[in-house]
There are 2 protein chains.
Amino acid sequence: MSKSLDRLTLLETFVRIADAGSISAAARDLNLSQPSVSRQLAELESRFQSQLMRRTTHDLSLTAAGAELLADARQLLDEWEALEEKHLETAEALRGTLKIVAPLAIGQLHLMNTLLQFQQQHPLLSLSWQLEDRRIRFAEVGCDCWIKIGSVGDESLIVEPLGQVERIVVATPALLATGNVPNKPADLAQFPWVALEPFEGQQIPLTNPKGKTVVISPPVRMTTNNIFALHKATVAGLGLAIMPRWLIEDDLNHQTLVDVLPPWRAPRLTIHAALLPGRRRPRRLQHFLVVIRVAVPQIPGVEQPLD
Amino acid sequence: MSKSLDRLTLLETFVRIADAGSISAAARDLNLSQPSVSRQLAELESRFQSQLMRRTTHDLSLTAAGAELLADARQLLDEWEALEEKHLETAEALRGTLKIVAPLAIGQLHLMNTLLQFQQQHPLLSLSWQLEDRRIRFAEVGCDCWIKIGSVGDESLIVEPLGQVERIVVATPALLATGNVPNKPADLAQFPWVALEPFEGQQIPLTNPKGKTVVISPPVRMTTNNIFALHKATVAGLGLAIMPRWLIEDDLNHQTLVDVLPPWRAPRLTIHAALLPGRRRPRRLQHFLVVIRVAVPQIPGVEQPLD
DNA sequence: TTTACTCATACGTAAAAAGTATAACAGCTA
DNA sequence: TAGCTGTTATACTTTTTACGTATGAGTAAA
């Protein structure tokens with residue numbers, strides 16, 4: 001049994017392996033080499049004299065002992081963190097690392113400023129800012145907060161609404177001029193469309209202020225997983241597209257894009273913050289949440305959530 | 001800031017310094033060099049960015065921050081120990097270290113066997129068996145359990161009675177033959193005595209079964225702080241002495257010593273186990289207590305406590 | 001079968017904590 | 001007041017130890 005190797009570090013590594021799902025993934029995440037993480041797990045097992053994880057080359061699973069220890073380790077680590085935070089609090093400054101996952105476009109265009117300001121207010125804080133539109137597996141990624149537009153789709157997380165985005169059918173005036181002026185949803189099917197993946201069922205529901213909903217299935221000329229690509233394609237006149245108001249506010253003002261069928265709208269999407277339940281929330285996370293709750297509704301074209 | 005140095009070890013060292021009262025004392029206790037312990041404290045302070053202890057060359061005191069951290073550290077360490085114990089429990093064997101302070105004679109003659117047996121039943125357990133008649137400062141010594149004959153004199157400890165010892169006035173038949181046969185306490189003052197330190201007030205109270213108490217002040221020819229020396233001196237005929245029954249059972253049987261004034265007895269003393277309150281009791285300590293509760297009353301000449 | 005990924009072992013290196021020796025200082029005793 | 005003893009901190013050396021790289025073995029999917 002090696003002597004040093006911080007016992008709490010061993011537990012942290014163990015938790016990270018369990019969450020990340022593999023030793024290699026945990027190693028990447030911890031900025032350590034795979035053998036090092038492998039050794040730390042072995043060391044922990046040797047200290048507790050029991051196998052904590054069964055590992056084959058392609059699968060890794062907790063043993064009963066491991067599962068028990070995992071829960072207790074989480075708790076102890078939370079308590080350590082509470083202690084550390086309490087006794088560093090004297091300095092009042094936020095420390096540690098905060099890992100945030102946010103959507104590509106909104107993270108890049110709007111929340112970036114908020115984040116930079118936040119970091120400048122807390123210079124000792126280390127931020128990891130992951131822009132990612134796809135659904136993530138929260139625990140696996142090991143992030144502290146996930147900002148997601150639309151449904152989070154993970155029942156095990158605590159989800160808090162931050163704001164709502166209006167979504168509008170837009171196009172270039174030039175493109176619209178190639179057809180008849182639309183005055184009902186069905187008229188939109190005469191134009192080509194561009195769409196953001198995932199684009200479920202090739203169907204687009206549109207709702208008017210009275211609550212009437214019509215579903216249309218227009219021809220789709222291009223799909224992309226990148227909202228900036230979608231935006232460029234739309235501005236280039238490739239087709240009609242549904243876009244969040246916060247992305248096209250400027251285009252509407254400059255008439256590079258126009259609201260195609262003013263009263264009709266695609267369903268609003270809610271911007272959520274997702275958090276792990278049951279865990280202690282470090283002060284840095286609480287502060288970040290306060291900031292983000294204010295920042296999101298201030299994005300042009302984003303409204304207060306319904307909650 | 002150095003990286004490794006187990007965070008929990010740092011806390012343990014800090015607690016040990018606080019209890020031991022000085023860095024040097026803690027170093028001796030931890031089997032480390034003084035500079036090493038000094039550095040660990042400095043390291044902890046640097047991590048929490050606050051001074052935890054004010055130290056002059058001859059005095060060491062907690063700062064406010066240190067006092068707060070001390071309490072929290074104790075708790076966290078208890079929780080770590082609980083975790084460790086729980087997850088090592090699978091193996092069922094007791095581990096770790098148990099430090100016991102016991103009286104010299106009873107520890108050497110009677111409890112030693114119990115202790116050896118206990119160790120053999122738990123080979124992975126490491127025992128520290130300190131024989132010491134003087135009053136100890138519990139926290140300073142850093143022991144887990146203190147067995148004390150007579151009053152413990154520390155209100156802050158949890159005290160549990162384990163048994164009672166009858167104390168008898170004895171002497172060699174030869175010595176008694178040099179005077180008149182005694183039949184009341186006052187008659188004993190004609191003989192020389194030997195006594196165990198501390199020997200308060202040079203006075204000896206004796207009580208008969210009816211509850212009558214007489215105090216005598218005989219001439220004392222020798223005092224000692226070692227009960228074996230007292231015993232030898234008595235057997236050598238140096239004087240009368242008060243001795244616990246468990247020490248002289250054999251002498252009475254072989255008539256090397258005799259009960260000088262059969263119905264009259266010195267006050268019974270209670271054998272106590274003293275423990276720190278409020279702290280988690282490791283499984284090894286609980287097991288030890290079970291064993292000792294059985295063992296003490298089985299010592300010949302020791303009776304069940306009154307409780 | 002091949003490819004791509006997993007985890008474990010062996011070995012050399014670099015970092016870090018332990019010890020030793022020493023200096024500075026405070027309280028106690030003569 | 002001087003000398004003795006015990007305190008803590010610093011400089012330097014040695015040992016320990018944990019890291020990374022390289023490598024080998026094994027499994028799952030293409």
Side-chain angles (χ1 to χ4, degrees), chain A residues 1-63 65-66 70 137 140-142, chain B residues 1-63 65-66 70 137 140-142:
Chain A
M1 186 190 306
S2 56
K3 235 182 56 184
S4 198
L5 247 185
D6 191 323
R7 285 168 275 179
L8 294 176
T9 301
L10 291 180
L11 291 182
E12 282 164 0
T13 301
F14 173 54
V15 169
R16 202 74 277 283
I17 295 172
D19 285 346
S22 88
I23 292 178
S24 303
R28 286 189 290 272
D29 206 78
L30 295 166
N31 284 318
L32 287 175
S33 68
Q34 169 266 318
S36 200
V37 174
S38 201
R39 268 192 307 257
Q40 288 195 15
L41 177 58
E43 165 69 16
L44 193 67
E45 288 180 324
S46 118
R47 293 204 192 187
F48 285 109
Q49 306 191 333
S50 64
Q51 187 168 25
L52 300 174
M53 303 184 131
R54 303 207 162 277
R55 24 207 192 284
T56 70
T57 50
H58 262 75
D59 196 42
L60 189 138
S61 62
L62 285 165
T63 62
L70 183 62
R137 277 188 284 189
E140 199 169 301
V141 169
Chain B
M1 184 191 306
S2 51
K3 235 182 55 182
S4 197
L5 248 184
D6 190 324
R7 285 167 276 178
L8 293 176
T9 301
L10 291 181
L11 291 182
E12 281 164 2
T13 300
F14 174 55
V15 169
R16 202 75 277 282
I17 294 172
D19 284 346
S22 89
I23 292 179
S24 302
R28 286 189 289 273
D29 207 78
L30 294 166
N31 284 319
L32 287 176
S33 68
Q34 170 267 318
S36 200
V37 174
S38 201
R39 270 192 304 257
Q40 288 196 15
L41 178 57
E43 165 69 15
L44 193 66
E45 287 180 324
S46 119
R47 293 204 192 188
F48 284 109
Q49 305 190 334
S50 64
Q51 186 167 29
L52 301 174
M53 302 183 132
R54 303 208 161 277
R55 25 208 193 282
T56 69
T57 50
H58 261 76
D59 197 40
L60 187 139
S61 62
L62 285 165
T63 62
L70 183 61
R137 278 187 285 190
E140 201 167 302
V141 169

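This one's a predicted model, so the numbers in the text were calculated from it and none came from an experiment. Just so it is clear: chains get the letters A, B, ... in the order the sequence lines come, proteins before strands, and each one is counted from 1.
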inquiry  = So B:E140 and B:D19, do their side chains get closer than 4.5 Å, heavy atoms only?
reply    =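 Sidechains of B:E140 and B:D19: no contact.
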key: B:R7 side chain near B:R47 side chain, heavy-atom distance below 4.5 Å   =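 A side-chain contact exists here, since the closest heavy-atom pair is under 4.5 Å.
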Expressed in angstrom and rounded to an integer, what is the separation of [X] atom [atom1] from [N] atom [atom2]?
X: A:L10; N: D:dT17; atom1: CG; atom2: P; value: 14 Å
X: B:D59; N: C:dC28; atom1: CG; atom2: P; value: 11 Å
X: A:L30; N: D:dA18; atom1: CG; atom2: P; value: 16 Å
X: B:I23; N: C:dC25; atom1: CD1; atom2: C1'; value: 14 Å
X: B:L5; N: D:dT16; atom1: CG; atom2: C1'; value: 12 Å
X: A:D6; N: D:dC19; atom1: CG; atom2: P; value: 11 Å
X: B:L41; N: D:dT10; atom1: CG; atom2: P; value: 12 Å
X: A:E43; N: D:dA18; atom1: CD; atom2: P; value: 7 Å

ask   = Among B:V37, B:L44, B:I23, B:L5, which residue meets the side-chain contact (heavy atoms from CB on, under 4.5 Å) test with B:T13?
value =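 Exactly one option meets the side-chain contact (heavy atoms from CB on, under 4.5 Å) with B:T13, and it is B:V37.
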Does [N] have OP1 or OP2 sitting under 4.0 Å from an N or O in the side chain of [X]?
X: A:Q40; N: D:dC19; answer: yes
X: B:S36; N: C:dG19; answer: yes
X: A:S24; N: C:dC7; answer: yes
X: B:T56; N: C:dA26; answer: no
X: B:R28; N: D:dT7; answer: yes
X: B:R55; N: D:dT7; answer: no

query = A:S24 and A:Q34: side-chain donor and acceptor closer than 3.5 Å?
reply =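 Distance-only check fails for A:S24 and A:Q34.
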request  = Can you figure out which of D:dA9, C:dC7, C:dA18 approaches the side chain of B:L32 most closely?
outcome  =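 So the nucleotide nearest the side chain must be C:dA18.
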inquiry  = Please pick, from C:dC7, D:dT7, C:dA21, the nucleotide with the shortest atom-to-atom distance to any side-chain atom of B:P35.
reply    =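 My answer, after comparing the listed nucleotides, is C:dA21.
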hbond_proxy B:R39 side chain to C:dA18 base (donor-acceptor, 3.5 Å cutoff) =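 Check passes, donor-acceptor contact within cut-off.
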request  = Tell me, with the steps shown, if A:D29 and A:R16 meet side chain to side chain contact (heavy atoms under 4.5 Å, CB included).
outcome  = CA-CA 8 Å; A:D29 206 78; A:R16 202 74 277 283; 2.9 Å; yes
inquiry  = Using a 4.0 Å heavy-atom cut-off, does B:S33 contact any base of the nucleic acid, only the sugar-phosphate backbone, or nothing at all?
reply    =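 Base contact - B:S33 has a heavy atom under 4.0 Å of at least one base atom.
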